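Proteins get letters first, then strands, A, B, ... in listed order; numbering begins at 1 in each. When reading the values below, keep in mind they use all heavy atoms of this one structure, side chains included, and skip hydrogens, waters and symmetry mates. Keep in mind the model is a prediction, meaning the values are calculated, not measured.
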Amino acid sequence: MSALHDEPQSTYPEPRATYDIEATQEKWLKVWADLDPFKVVDDGSRERRYLLDMFPYPSGDLHMGHGEVFALADVIARYWFQQGYDVLHPVGWDSFGLPAENAAIKRGEHPATWTYQNIETQAESFRRYGISFDWSTRLHTSDPEYYRWTQWLFLRLYDAGLAYRKSSAVNWCPNDQTVLANEQVVGGRCERCGADVTKRELTQWYFKVTDFAQRLLDDMDSLTGSWPDHVLTMQRNWIGRSEGAHVDFPVEGRDQPVTVFTTRPDTLFGATFFVVAADAPLAAELCAPGQQDAFDDYLREVRRTTDVDRMSEGRHKTGVFLGVHATNPMTGSQMPVFAADYVLADYGTGAIMAVPGQDQRDWDFARAFDLPIVRTVQPPESFEGEAFTGEGRAINSSNGDLDINGLTVAEAKSRTIAYLEATGTGRGTINFRLRDWLVSRQRFWGPPIPIVHCPDCGEVPVASDELPVVLPDLKGADLAPKGVSPLASATEWVKVPCPKCGGAARRDTDTMDTFVDSSWYFLRYPTPHDDTQAFDVEAVRRWCPVDHYVGGVEHAILHLLYSRFVTKALHDLGYLDFVEPFSRLMTQGEVRNQGKGMSKSLGNGVDLGEQIAKFGVDAIRLTMVFAGPPEEDIDWADLSPAGSLRFVQRAWRLSGDVTSAPGTLPDDGDVELRKITHRTIAEATQLIEGLRFNVVVARVMELVNAARKAIDTGCGPGDPAVREAAETVAIILSLVAPFTAEEMWSRLGHEPAVAKAGWPTAIDELLVRDVVTCVVQVQGKVRAKLDVSPDIDEPSLQGLALADPNVIRAIGSSPVRKVIVRAPKVVNVVIG
RNA sequence: GCCGGGUUGGCGGAAUCGGUAGACGCGAUGGUCUCAAACACCAUUGUUCGAAAGGACAUGUGGGUUCAAGUCCCACACCCGGCACCA
C-alpha cells in the first residue's frame, strides 16, 4: 500500500489531504495530448531555442539513467517554454546497432521486430514521464527515410575525399565478429562485449577525421566554459597533439631514407639503435634475407598476442634484429635496426630512433639486447633513475657542424630542427594520436555503404537519387556472425549493374558504424520529415547549433568528436554556417545503487517503472533533480523518493488552502511573504541559468514552508500574497513536477497548461531587505548579531557594535586597536 | 607516469564577490494522534565543556597571506574519472 492510495479515513479527526497521483497523471496526460503545448512553432514570432537530449538506444524499457537525464534536460526545456521561447525539444531513437541483431539471431526474427517493439515501449514510458517533447519530430535512424540521408552523408564525404578505403591492421572483435573503431576499444577490449581485441589486416572504409585534427583542437577554445572541462580535456587527450620533428635516416641497402617522428630531436646524438613496428609493412621490407626466418617467427608471435597482453604492465621488451643498419645523421654511427612490438605501426611513421639515455622504453630494450646507452641530457646530481626524461643541459651533443652542448632542452630542440632543415635531413612537424575513423562494420543492422564495386570501374558511388540502398530482408540465422557481412549472403541483393558502365557489379556488403547515424541527427530534427533532402539549410540556420545538449559523459569522446567532425566537414562543403554543433553541453552523472553501478550481475538494479508506480512520476523526477548537482553521480540508496512525495503533497495542499479569487492582484498582500516569493523568483532564475537545479528545488521548498506558515499562523489563507506564493510554486515546480504543478494550477482556478503560464518577474522593490543581520566579530570570532537597516552608515554601525554587551565582554580590558566596518554586513574589532 | 575533477555533520548536499559554515532534504531522537503500529504532523539534531548563561573545537593534512579563509597561495595525503609502450 503506497501513499498514492491514502484515503481520508473517518477514524482520524482531521486527516491530511493527499491527492490521487495516478488519477491526476492520467487526467493531465489526456489534456496535454489535446493541447500539444510543446509543439514547435517556427514562425519567427519568438526567439528560438534548441534543446537536445542524446537520443536513446531502444534496448528495452527506460531505466533509471534515462529517468535522470531526461528529467534534468526537461528542466531547461520547460524553463525556456516558461520564458516564452519557441523551443525545439525533439525526440527520436538511435535504433540501429548490434543488440537488435543479437536478439534477432536468438529469436529467429528480423532485428526490426525487437527494435520497434522497444521503441514503442520507450515512447509510451516517455509520454507517461511527462517529458516536454515535440512528438511530431520523432525519428528513428533505422528507418529507410532516415538512413537514406546517412548514406547521402557518406557520399558527400566520399565526394570530398573524406571517405576512403585502405588496407591495414584493424581492431577485430572475435566475439562480435566485426571490426571496431579505435574509440570502441577500451583497454584492449571490445567496448561492447569485453572480448580481447585482436588485429586483422583488412580493407575498410575510413572517414578522414585526421584532416581536422588541428581544427578539432583549436575550436575547443570557443567551447571553454560552455562544455565541462573534463570533456574538453578528454577530447584533447584523445586528439593527442605532439610537436616534434621528422628525421630521415639512411638505411643500408635502400635508396630512400626511413623517416621517423620524434618529440625529442635534441637527443638525436644519443640515438644508438633503430626500431620498426614489427607489424608495419616497413619491417618486412627492411628485413635482410639472413634474418627472414627469425623475423617471420617473431611476427607470428606478435600477431597472436592480444592488445591486452601486449600492454600488460612490466612486460619485458622483445624484438628481433633485421640484419641491417641505419646511419645516425649526426654522429655517422651505424645503428642496428630492430623489429619490435613496443613500437606502434599506426602512430607516427611506425619507426623510431631509439635514445635509451632519455627514454625508459628504449632503455629497457637496450638492456635486453645489450645495446649502447649515451646520455645527451645531464641529469641532476641526485638522479638515480635509468633513462632521464627531465629538463637539463645537453651533453655529448656535437659534431663538426653542430654543437648544442650546454643548451636547455627547448633550445636544443629548435637548434637541431633548424640544422635538420638546413641540411635537408629532417623538419619540424606536428603529429597527432588521433586516427581516421573506421566506419565499416561486418554486421547487418546498420546503413549499407552506398558503394558498388565494378570489375571495370572500381568503386562507384550509388547516385544520390538512387538512395536509399535498402537493407535486404534477412532474419534469424542469416544474421549469425561469420566474419563477413551477412549482406554478402543476400546474393540477389548484392548483384547490381554498375552505375557507371552498366556491367555486372557487386554492392559493398558492409554497413556503417552506428555512430555515423548519430553524428548528424541534430541537423535532421528541424525538418525531420523532409523527403527531398537530409536537412534544410535554412531551417538549420534558424535552429542550429544546438543551444544546449544533454547526455552521458560516456560519449565524451566518441559521439561528440564524430559530430564535431561531421559538422566541420559539412561546413566546408557549404551546408552549414557554423563549425561547432553543440553550443553548450551538460553531462549528467550516473545513477548508482549502494556505491556501484546498477547491473543485472550485481543484482542491485532499481526499476524506473516500479519506482514510478510506487511514488509517482513527479516524486521520482524531483528526487533525481534534487539529489545533487546534475554532473555528479547519484546513489539511489542515499535518496528518498518518499521524502519527495511528501514535498509534492505539501505543495499541492497549499493550492487547496488559498481562498482568494483567481486574478486577485498581489499588490496589497503580506509584504513579508511577498518578499520571500520574489527572492525565490530572482534566485531560481539565476540558479537555473547556472544549472544548479538541486538548489532551485531547495528554494521552492523554502517558499512552500513560508507559505504554509503564512496560512497557518501568519496573514491567513485569504491574503493575496498567499495566492502569489502558491502560483509561483506551481510555475517553478512545473519544471520538475509537471503533474503536481498542473493540478495546483487548476485548483488555483487557472486553465492548463501551467507549462506555458509564463515565468514570473521578480519585483526589484521586493528584493531589498529592510532589516539585515550584521555580524560583529572580535578577533575574527562572531560575538554578536545586530539587526540593522541595510543603509546604515559606518560610524553608527560601529557605535552600535561597540555598545553591545557581548562585544564589550569579549573585548574585556584589551585596548581596541582597529575596527573594520563593512556596512551593513560585518564589523570586526581588532584588539591587543 | 601524464591530464582533469574532488575531499564540508550520521547521509545527499548549500554557502561560486574573502565577510553568520552546515541552506534544503534524508536519517535519528522526543512528542501529538492511535488499543498498538504505520502514515501524517510538531519539536530537537555538527562535536564537545557547562545546570544555565556562555565557551572551546570544527570544511582531508601541514604551512602562509588577511582585520577576516570552506573560499586565495604553497606543500602533502587520499578518492574519482580520462589517457597511457603514442616515440
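Comparing the C1' positions of B:rU16 and B:rG70 gives a spacing of 12 Å, expressed to the nearest Å. Only the P atoms considered, B:rG46 is 14 Å distant from B:rA21, to the nearest whole Å. B:rC85 and B:rC74 are spaced 35 Å apart, taking the C1' atom of each and rounding to whole Å. Across the C1' atoms, B:rU34 and B:rC39 are found 11 Å apart, a figure rounded to whole Å. Spacing of C1' atoms, B:rG9 relative to B:rG25, comes out at 14 Å, to the nearest Å. Comparing the P positions of B:rC42 and B:rC24 gives a spacing of 14 Å, expressed to the nearest Å. A gap of 24 Å separates the P atoms of B:rC78 and B:rA84, to the nearest Å. As rounded to the nearest Å, B:rG18 and B:rA68 have C1' atoms that lie 8 Å from one another.
Both A:Ala642 and A:Glu632 lie near RNA chain B, and the one whose nearest nucleotide falls closer to the 5' end is A:Glu632. Nearest-nucleotide positions on RNA chain B place A:Lys785 closer to the 5' end than the other of A:Lys818 and A:Lys785.
Counting non-hydrogen atoms of other residues, nucleotides and ligands closer than 6.0 Å to CD of A:Glu794 gives a total above 12. Atom CZ of A:Arg769 has 12 or fewer neighbouring heavy atoms from other residues, nucleotides or ligands inside a 6.0 Å radius. Residue-environment remark: CZ (A:Arg236) exceeds the threshold of 12 foreign heavy atoms within 6.0 Å.
Among pairs with a residue in residues 816-832 of chain A, none fulfils salt bridge (charged side-chain N to carboxylate O under 4.0 Å, His left out), at least two apart in sequence or across chains.
The heavy-atom pair separating A:Leu299 from A:Ala278 by the smallest distance is CD1-O, 3.3 Å. Closest of all the heavy-atom pairs between A:Asp793 and A:Pro795 is OD1-CD, 3.0 Å.
Pair check for B:rA40 finds B:rU32; Watson-Crick or G-U wobble, both atom distances under 3.5 Å. Across all strands shown, B:rA51 has no partner, as no Watson-Crick or G-U wobble contact with both distances under 3.5 Å is found. With a cut-off of 3.5 Å on both Watson-Crick or G-U wobble distances, the partner of B:rU20 is given as none. The base-pairing partner of B:rU65, taking Watson-Crick or G-U wobble contacts with both distances under 3.5 Å, does not exist among the strands shown. A 3.5 Å limit on both hydrogen-bonding distances identifies B:rC11 as the Watson-Crick or G-U partner of B:rG25. In this entry B:rG1 has B:rC83 as its Watson-Crick or G-U wobble partner, both defining distances falling under 3.5 Å.
Look at A:Lys825 and you won't find any side-chain N or O under 4.0 angstrom from OP1 or OP2 of B:rC17. Distances shorter than 4.0 Å separate some side-chain N or O of A:Arg783 from OP1 or OP2 on B:rG55. Side-chain nitrogen and oxygen atoms of A:Ser242 include at least one within less than 4.0 Å of the OP1 or OP2 phosphate oxygen of B:rA87. Contact check, A:Arg646 against B:rG27: a side-chain N or O comes under 4.0 Å of OP1 or OP2.
Nucleotide B:rC3 holds its P atom 16 Å from the CG atom of A:Leu217, rounded to whole Å. For the pair A:Asp787 CG and B:rU20 C1', the interatomic distance rounds to 12 Å; values are reported in whole Å. One can place CZ of A:Phe647 at 17 Å from C1' of B:rC41, the figure rounded to the nearest angstrom. Between the P atom of B:rG12 and the CG atom of A:Asn593 lies a distance of 15 Å, rounded to the nearest Å. Put simply, CD on A:Gln594 is 15 Å from C1' on B:rG12, counting in whole angstrom units. The distance between atom CG of A:Asp266 and atom P of B:rA87, rounded to the nearest whole Å, is 14 Å. For the pair A:Asp635 CG and B:rC11 C1', the computed distance is 10 Å after rounding to whole Å. The distance from atom CG of A:Leu434 to atom P of B:rC83 is 14 Å, rounded to the nearest whole Å.
Every residue was checked against the salt bridge (charged side-chain N to carboxylate O under 4.0 Å, His left out) condition with A:Asp279, not counting sequence neighbours, and none meets it.
Classified by interplanar angle (parallel below 30°, tilted 30° to 60°, perpendicular above 60°), the ring pair A:Trp437/A:Tyr562 is parallel.
Applying the 90° criterion around 0 to the glycosidic angle, B:rG9 comes out syn.
For A:Asp359, taking side-chain heavy atoms from C-beta onward, the closest of the listed nucleotides B:rC83, B:rC41, B:rA87 is B:rA87. Closest to the side chain of A:Lys317, out of B:rC85, B:rC57, B:rG12, is B:rC85. Listed nucleotides B:rG4, B:rC85, B:rG12 differ in distance to A:Thr233; the shortest reach to its side chain belongs to B:rG4. Listed nucleotides: B:rC57, B:rG4, B:rC67. Nearest to the side chain of A:Arg822: B:rC67.
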Each nucleotide N or O in nucleotides 21-24 of chain B that has a protein N or O under 3.5 Å away: list the pair and distance.
from: B:rA23; atom 1: O2'; to: A:Glu702; atom 2: OE2; distance (Å): 3.0

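Scanning residues 584-591 of chain A for heavy-atom distances under 4.0 Å to RNA chain B yields an empty list. Non-hydrogen atoms lying under 4.0 Å from RNA chain B are contributed by A:Arg433, all within residues 425-433 of chain A.
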(message) side-chain hydrogen bond (donor to acceptor under 3.5 Å, both in side chains) for A:Asn705 and A:Arg708? Distances and angles first, verdict last.
(response) CA-CA 5 Å; A:Asn705 292 343; A:Arg708 181 81 262 149; over 6 Å; no
(message) Applying side-chain hydrogen bond (donor to acceptor under 3.5 Å, both in side chains) to A:Asn431 and A:Ser242, what does each step give before you reach the verdict?
(response) CA-CA 5 Å; A:Asn431 199 51; A:Ser242 44; 5.1 Å; no
(request) Tell me, with the steps shown, if A:Thr376 and A:Gln358 meet side-chain hydrogen bond (donor to acceptor under 3.5 Å, both in side chains). (result) CA-CA 8 Å; A:Thr376 58; A:Gln358 267 70 234; 2.9 Å; yes
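With hydrogens and angles ignored, a donor-acceptor pair under 3.5 angstrom links the side chain of A:Asn828 to the base of B:rC67.
Nucleic acid contact class of A:Pro629 (heavy atoms, under 4.0 Å, all strands): sugar-phosphate only.
Remark: A:Lys317 does not engage A:Asp362 in a salt bridge, criterion side-chain N to carboxylate O under 4.0 Å. A salt bridge between A:Arg653 and A:Asp657 is absent, with no side-chain N of the basic residue lying under 4.0 Å from a carboxylate O of the acidic one.
Aromatic pair A:Phe273/A:Phe369: ring centres not closer than 6.0 Å.
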What donor-acceptor contacts under 3.5 angstrom involve side-chain atoms of residues 625-635 of chain A, with partners at least two apart or in another chain?
from: A:Asp633; atom 1: OD1; to: A:Glu590; atom 2: N; distance (Å): 2.7
from: A:Asp635; atom 1: OD1; to: A:Gln594; atom 2: N; distance (Å): 2.8
from: A:Asp635; atom 1: OD1; to: A:Ala637; atom 2: N; distance (Å): 3.0
from: A:Asp635; atom 1: OD2; to: A:Gln594; atom 2: N; distance (Å): 3.4
from: A:Asp635; atom 1: OD2; to: A:Gly595; atom 2: N; distance (Å): 2.6

